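Here is the structure we will look at.
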Amino acid sequence: MASLVFPFHDPQNVELKFLKQTLPILEANFTAAYVSVTPQTESLNKEAMEFFENSKFFVVNKNDPNSSIGEHFIAAFKSAAEKSNNDEILHLCSPDRLAFAVINYTDAFLDDLKEVQGPVLFMRSDKAWSTHPKIYWAAESLVTQAGKMLFDKVLDFAWCHLALSAEELKKVIPLFKSKDLVVTAEIVYLLKDVLATKYVDWLSWEDPFILGKDAEAYKNEREVDPSELTKRMSYVKPQIDYLFEEYTRQKR
């Protein structure tokens with residue numbers, strides 16, 4: 001068996017219903033879910049907290065009110081690594097992508113996860129990427145392209161699903177330096193020499209499904225909304241900066 005690991009930010013109680021819906025499948029296929037709840041969620045979403053606390057499947061980690069998004073990721077990683085056997089496969093993911101894949105790509109998703117033996121970075125296929133706003137695709141592709149040119153590897157540094165053993169996760173946790181979304185780029189960089197990659201369709205854009213919107217209409221809406229580009233570049237540029245810093249550091 002394997003376990004799930006993810007931060008949970010749902011102060012407006014949008015994603016919880018999908019976790020409830022998928023729980024029977026999750027319990028049948030995974031040992032546990034290590035959840036790092038954000039302070040806003042803990043404060044505003046009492047239903048979610050009761051759901052987690054009343055279920056033996058979820059191992060809940062609460063975070064300091066002043067903690068950052070990167071710290072929420074790392075808290076989940078630490079919780080899972082410390083409480084799992086070394087050979088346990090841990091699936092680092094996000095709850096919205098997880099629910100989307102379980103509901104819409106059940107067999108393909110579970111089959112791909114069962115095949116994991118060593119560290120695997122699941123990457124969005126062209127078909128999956130085509131469902132995203134082009135701004136989203138282009139922005140995150142900048143990080144992938146930078147990594148390819150610097151390290152001669154095609155890797156998704158803004159990944160949505162990464163699997164590795166608890167032992168492998170324990171080794172990289174002490175090496176994290178960032179407290180923001182650069183942590184996703186950090187873990188891929190630290191594992192780049194041992195990572196296998198697999199392109200999958202089940203990492204298609206989950207937002208229309210989660211928000212109950214028409215997929216094409218919402219995609220077009222996000223394409224022309226300036227906040228979409230602002231959101232993407234807010235983590236893409238720091239991730240690219242990180243890759244350049246690591247490249248120059250190893251060249252010194």
Side-chain angles (χ1 to χ4, degrees), residues 3-23 26 30 32-55 57-81 90-103 122 124 132-133 136 139-140 156-162 169 173 176 178-188 203-213 218 222 225 227-236 238-239:
S3 291
L4 302 163
V5 186
F6 53 83
F8 188 72
H9 182 68
D10 188 28
Q12 296 180 330
N13 204 20
V14 174
E15 298 178 21
L16 178 62
K17 66 179 180 181
F18 297 103
L19 279 183
K20 290 183 175 181
Q21 180 180 344
T22 57
L23 184 58
L26 298 181
F30 301 94
Y34 295 90
V35 181
S36 179
V37 178
T38 66
Q40 299 96 320
T41 303
E42 181 183 356
S43 174
L44 299 174
N45 193 342
K46 300 302 182 184
E47 183 182 353
M49 298 308 298
E50 291 176 1
F51 172 67
F52 290 140
E53 290 167 359
N54 290 330
S55 171
F57 181 71
F58 296 98
V59 181
V60 177
N61 181 86
K62 298 178 182 179
N63 292 279
D64 185 272
N66 296 317
S67 55
S68 63
I69 186 169
E71 291 172 317
H72 303 155
F73 273 87
I74 294 171
F77 298 167
K78 286 181 176 178
S79 175
L90 302 176
H91 290 275
L92 316 186
C93 55
S94 63
D96 48 359
R97 294 271 187 179
L98 172 66
F100 175 81
V102 169
I103 294 169
F122 289 96
R124 283 161 281 194
H132 294 66
Y136 193 150
E140 293 197 359
D156 187 352
F157 290 92
W159 50 270
C160 304
H161 197 114
L162 191 160
L169 185 55
I173 286 174
F176 285 119
S178 304
K179 295 184 178 180
D180 54 19
L181 279 176
V182 174
V183 298
T184 67
E186 278 190 293
I187 193 169
V188 171
L203 285 176
S204 294
W205 193 35
E206 82 288 5
D207 281 2
F209 175 77
I210 297 296
L211 299 175
K213 295 179 177 290
Y218 192 50
R222 299 308 300 164
D225 189 333
S227 69
E228 179 67 29
L229 180 59
T230 300
K231 177 181 179 180
R232 300 305 158 193
M233 295 309 293
S234 69
Y235 61 85
V236 163
Q239 289 184 342

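On a predicted model such as this, the values are computed, not experimentally measured, just so you know.
With hydrogens and angles disregarded, a donor-acceptor distance shorter than 3.5 Å links the side chain of Arg97 to the backbone of Ser204. Checking side-chain atoms of Ser178 against main-chain N and O of Val183 turns up no donor-acceptor pair under 3.5 Å. No donor-acceptor pair under 3.5 Å is formed between the side chain of Asn61 and the backbone N or O of Val35. Judged purely by atom type and a 3.5 angstrom limit, Ser79 has no side-chain atom pairing as donor or acceptor with the backbone of Ala75. A distance-only check finds no donor-acceptor pair linking the side chain of Thr184 to the backbone of Trp159 [under 3.5 Å]. A donor-acceptor pair under 3.5 Å is formed between the side chain of Gln239 and the backbone N or O of Leu181. Of the possible donor and acceptor atoms, one in the side chain of Asn54 sits under 3.5 Å from a partner among the backbone N and O of Glu50.
Put simply, the side chain of Tyr136 reaches to within 4.5 Å of the side chain of Glu228, judged on heavy atoms. Side-chain contact between Pro238 and Val182: present, with at least one pair of heavy atoms (C-beta onward) separated by less than 4.5 Å. Proximity of Thr22 to Leu98: side-chain heavy atoms (C-beta onward) are nowhere separated by under 4.5 Å. Contact of the Ile210 side chain with the Val14 side chain is registered, since non-hydrogen atoms from C-beta on lie closer than 4.5 Å. Side-chain contact between Leu169 and Ile187: present, with at least one pair of heavy atoms (C-beta onward) separated by less than 4.5 Å. For the pair Tyr218/Arg222, a side-chain contact is recorded, criterion being any heavy-atom separation below 4.5 Å from C-beta on. Residues His72 and Pro39 are in side-chain contact: their nearest non-hydrogen atoms beyond the backbone lie under 4.5 Å apart.
Proximity of the aromatic rings of Phe52 and Phe8 is defined here by a centroid distance below 6.0 angstrom, and this criterion is met. Residues Phe100 and Trp205 place their aromatic rings such that the two centres sit no closer than 6.0 Å.
When all heavy atoms of Ala139 and Val236 are compared, the pair lying nearest together is O-CG1, 3.4 Å. Of all non-hydrogen atoms in Glu47 and Asn13, the two that sit nearest each other are OE1-ND2, 2.8 Å. The heavy-atom pair separating Pro11 from Leu44 by the smallest distance is O-CB, 3.7 Å.
Leu19 CG to Gln21 CD: the interatomic distance, rounded to the nearest 0.5 Å, is 10.0 Å. Note: Phe176 CZ to Ile74 CD1 = 5.5 Å, rounded to the nearest 0.5 Å. To the nearest 0.5 Å, atoms CG (Asn45) and CZ (Phe51) are separated by 11.0 Å.
A donor-acceptor pair shorter than 3.5 Å can be found between the side chains of Ser36 and Asn63. Thr41 and Thr38 share a donor-acceptor pair across their side chains, judged by distance under 3.5 Å alone. Under 3.5 Å, the side chains of Ser3 and His91 contain no donor-acceptor pair of N or O atoms.
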Item to check | Intermediate values then yes/no, side-chain contact (heavy atoms from CB on, under 4.5 Å), Phe57 and Leu23 | outcome: CA-CA 9 Å; Phe57 181 71; Leu23 184 58; 3.8 Å; yes
Checklist entry - Would Glu206 and Ser94 satisfy side chain to side chain donor-acceptor pair (under 3.5 Å), going step by step from the backbone distance to the final call? => result CA-CA 11 Å; Glu206 82 288 5; Ser94 63; 5.5 Å; no
Checklist entry - What's the verdict on side-chain contact (heavy atoms from CB on, under 4.5 Å) for Phe209 and Asp96, showing C-alpha distance, side-chain angles and the deciding distance? => result CA-CA 9 Å; Phe209 175 77; Asp96 48 359; over 6 Å; no
Checklist entry - Can you list the steps and then say if Asp207 with Lys213 is a salt bridge (Lys or Arg N to Asp or Glu O under 4.0 Å)? => result CA-CA 8 Å; Asp207 281 2; Lys213 295 179 177 290; over 6 Å; no
Next on the checklist: Before you tell me yes or no, could you show the steps for Phe6 and Leu92 under side-chain contact (heavy atoms from CB on, under 4.5 Å), namely the whole-Å CA-CA distance, both residues' side-chain angles and the distance that decides it to 0.1 Å?
Outcome noted: CA-CA 6 Å; Phe6 53 83; Leu92 316 186; over 6 Å; no
Checklist entry - Going through the checks in order, is the side chain to side chain donor-acceptor pair (under 3.5 Å) test met by Ser43 and Gln40? => result CA-CA 5 Å; Ser43 174; Gln40 299 96 320; over 6 Å; no
Item to check | Verdict with supporting geometry, Val60 and Tyr34, side-chain contact (heavy atoms from CB on, under 4.5 Å) | outcome: CA-CA 6 Å; Val60 177; Tyr34 295 90; over 6 Å; no
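Shown here is Gln12, whose CD atom has no more than 12 heavy atoms of other residues, nucleotides or ligands within 6.0 Å. Heavy atoms of other residues, nucleotides or ligands lying less than 6.0 angstrom from NZ of Lys20 number more than 12.
For Lys62 and Glu53, the salt-bridge test passes: some basic side-chain N is under 4.0 Å from an acidic carboxylate O.
Ring pair Phe122/His161 is perpendicular by interplanar angle, where above 60° counts as perpendicular and below 30° as parallel.
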